[in-house]
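All remarks here apply to the structure that follows.
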Protein chains: 2
Amino acid sequence: MRVSGQRRSTIKDVAEAAEVGVATVSRVLSGTGSASPATREKVLAAAARLDYRPSALGRNLRRQRTGGIGLLVPDITDPFYGRLTDGVLTCAQSAGEPVMIGTTRDDPEREAQLIGSLIEESVERVIAVPSGDGEMWGPAFRAGLSVVFAERPVQGRENIPTVVADDRTGVRTAVEYLAGLGHRRIAFLSRHGQAQRVRAFREALDALGVPVDEELIVRAHSSRDSAYAAASGLFQHRPDLTAVLAGGNMLGEAAVLAAKELDFRVPRDVSLIMFDDVPWAELCYPPLTVISQPAQDMGYRAAELVLREGRRSRTVTLPTELIVRGSCGPRR
Amino acid sequence: MRVSGQRRSTIKDVAEAAEVGVATVSRVLSGTGSASPATREKVLAAAARLDYRPSALGRNLRRQRTGGIGLLVPDITDPFYGRLTDGVLTCAQSAGEPVMIGTTRDDPEREAQLIGSLIEESVERVIAVPSGDGEMWGPAFRAGLSVVFAERPVQGRENIPTVVADDRTGVRTAVEYLAGLGHRRIAFLSRHGQAQRVRAFREALDALGVPVDEELIVRAHSSRDSAYAAASGLFQHRPDLTAVLAGGNMLGEAAVLAAKELDFRVPRDVSLIMFDDVPWAELCYPPLTVISQPAQDMGYRAAELVLREGRRSRTVTLPTELIVRGSCGPRR
DNA sequence: GTGAAAGCGCTAACAC
DNA sequence: GTGTTAGCGCTTTCAC
């Protein structure tokens with residue numbers, strides 16, 4: 001509810017109360033320039049007395065920039081992006097930077113719209129998990145934004161700083177582990193846009209001399225429903241598979257659910273590895289073997305990158321880790 | 001990366017290009033006032049040609065308000081707040097309002113700091129899951145913010161619009177269900193600040209003629225570690241309990257984990273009900289019986305409230321629902 | 001060390 | 001129907 005009638009005190013009010021000029025107030029409060037101890041005191045006292053808070057609006061307009069950083073993620077209810085966001089917020093808050101958040105739902109159009117609104121707000125730094133092919137980022141670059149991509153590299157935008165997990169090693173580790181248990185018909189349950197991981201999957205199979213069965217590589221959109229449909233379809237269409245690698249926690253969730261519903265026992269009938277370690281992986285039955293990704297760190301690093309706009313660090317690749325629990329067994 | 005040298009075009013540029021005054025441009029673009037079709041065309045064409053986007057900075061400064069809304073949640077990695085945030089974003093984005101997000105970690109000091117920074121940014125609408133006792137909201141009200149509380153009511157701020165789940169009914173339903181299965185030694189694993197639910201818990205017990213055992217009411221801080229410690233302590237200290245009601249998904253998680261580690265079988269040794277339905281509740285073993293809360297809706301409604309600042313709707317109470325799965329059984 | 005004044009981009013009041 | 005102008009709160013020359 002709004003308590004009206006209250007006007008926020010401005011720098012002018014403080015100046016009058018302290019009997020100095022506005023410039024002096026500005027200097028004292030922003031720590032720039034010099035001021036005599038006596039004036040300093042007067043200003044500080046007046047500011048405190050009037051409960052003065054400088055208006056970011058005025059400052060930003062004058063300085064022609066908004067300090068804040070924009071954050072674009074596909075889905076904030078996905079624990080992976082939740083942790084990534086947490087990392088960004090941790091870094092940003094400790095730097096005193098406000099964060100504007102938007103969810104793209106992996107829809108390029110929505111993403112373009114959000115970019116537009118960030119430009120309008122004069123946000124000049126943005127961290128994004130890009131959903132499209134990078135076309136819609138043109139306006140952002142033309143507007144002079146500094147952007148950092150997270151989780152997913154964008155084809156044709158290799159010069160943009162990007163923070164990713166080490167997909168290749170992660171996928172390879174998973175595939176090798178599965179193959180070591182005797183599995184040959186390994187499926188990859190992936191999301192559209194995970195081209196990197198699909199490629200790594202094929203490579204890993206190749207390296208082990210296992211023929212690539214394209215039918216075992218399925219792609220879902222980034223919604224629970226789509227993930228479930230893909231998982232369910234996979235199990236029904238190819239009941240001969242003996243192992244599944246899920247490309248993310250929502251895909252893993254779908255795989256567990258679909259397996260349960262279709263009476264595939266894990267790991268007896270089918271082994272399962274999921275990308276992204278989440279708290280419930282330890283809670284479900286059997287506990288899930290996962291390739292963990294440092295989501296929180298990814299966000300933190302991205303925020304660091306976008307804040308230290310200075311040197312143009314390129315791609316940062318963060319390590320993944322195989323955490324063996326109970327969802328993988330020898331080939332039946 | 002930053003492409004420098006580009007200056008964003010301003011209303012003045014558009015005015016010059018269209019050979020009209022700035023006021024006309026403003027009127028045409030904002031749809032206010034009138035303009036002849038011919039001028040309209042000229043202005044629109046010029047704006048499009050120059051890729052003009054009005055600066056929110058200038059507009060806000062002039063209008064003395066920032067359109068955006070601030071959102072303060074304890075922990076964005078908690079699925080409950082994730083869904084709540086999603087609701088807020090859905091509503092805000094469809095209204096074209098930017099959202100500034102901050103995480104309080106349930107720390108009143110951090111919360112106060114974030115409130116301060118929202119004021120500085122001239123955000124004048126905020127949705128918050130309050131962590132403190134409402135003291136720190138004084139400055140916000142004095143600054144004229146319109147605030148809506150979500151999930152938790154604040155003592156002494158009953159006049160502030162608030163969106164909550166129907167805790168009393170939810171808790172009562174859970175307790176009655178448990179009691180109906182024969183349980184008498186029911187524990188409540190709660191979070192600090194859930195006074196409402198604790199009260200409802202006592203009331204529900206009273207109503208059923210079950211004596212309240214204060215030792216069975218434990219409180220954790222809102223971190224995984226604290227939740228686990230509380231759950232583990234509870235099981236070890238009072239192995240005679242036969243049922244546990246967890247006040248949130250992280251507490252439920254902790255209970256499942258602690259039970260597992262201490263070899264309490266669910267539901268044979270101990271029955272478990274958790275507040276908040278999350279995807280993994282269906283995946284774990286046994287599937288968890290829950291009291292679902294409409295987190296997404298809660299966020300959406302809060303955003304609606306804070307945007308339609310008009311009529312002062314008071315507290316909105318959203319229904320909860322008992323979803324029976326497999327984690328409760330008859331008293332052993 | 002300090003103050004006066006310009007001006008960031010925009011809207012609204014007012015003149016024509 | 002349209003242009004001119006003041007001014008939102010702030011920082012930053014530039015004099016003094």
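Just so we're clear, the structure is a prediction, and the values are computed from it rather than from any experiment. Throughout, a chain's letter reflects where its sequence line sits, starting with A, and its residues are numbered from 1.
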Mind checking which nucleotides bracket the chain A contacts on DNA chain D, 5' to 3', with an atom under 4.0 Å from a heavy atom? D:dG9 to D:dT12

Does the distance from a Lys or Arg side-chain N to an Asp or Glu carboxylate O, for A:Asp86 and B:Arg105, drop under 4.0 Å? yes

Using a cut-off of 6.0 Å, state whether more than 12 heavy atoms not belonging to B:Glu158 lie near its atom CD. yes

Scan [X] against the nucleic acid and name what it touches under 4.0 Å (heavy atoms): base, sugar-phosphate only, or nothing.
X	answer
B:Leu57	nothing
A:Ala23	base
B:Gly21	sugar-phosphate
A:Thr39	sugar-phosphate

Give the ring-plane orientation class for B:Phe149 versus B:Trp137, where under 30° counts as parallel, over 60° as perpendicular and anything between as tilted. perpendicular

Taking A:Arg152's backbone N and O only, do any of them form a donor-acceptor pair with A:Thr162's side chain (distance below 3.5 Å, no angle check)? no

By nearest nucleotide on DNA chain C, pick out whichever of B:Ala56 and A:Arg62 is the more 5' one. A:Arg62

With heavy atoms of chain A within less than 4.0 Å as the criterion, where does contact along DNA chain C begin and end? C:dG1 to C:dG9

Please identify each residue that fulfils side chain to side chain donor-acceptor pair (under 3.5 Å) with A:Ser222, with sequence neighbours left out. A:Asp106

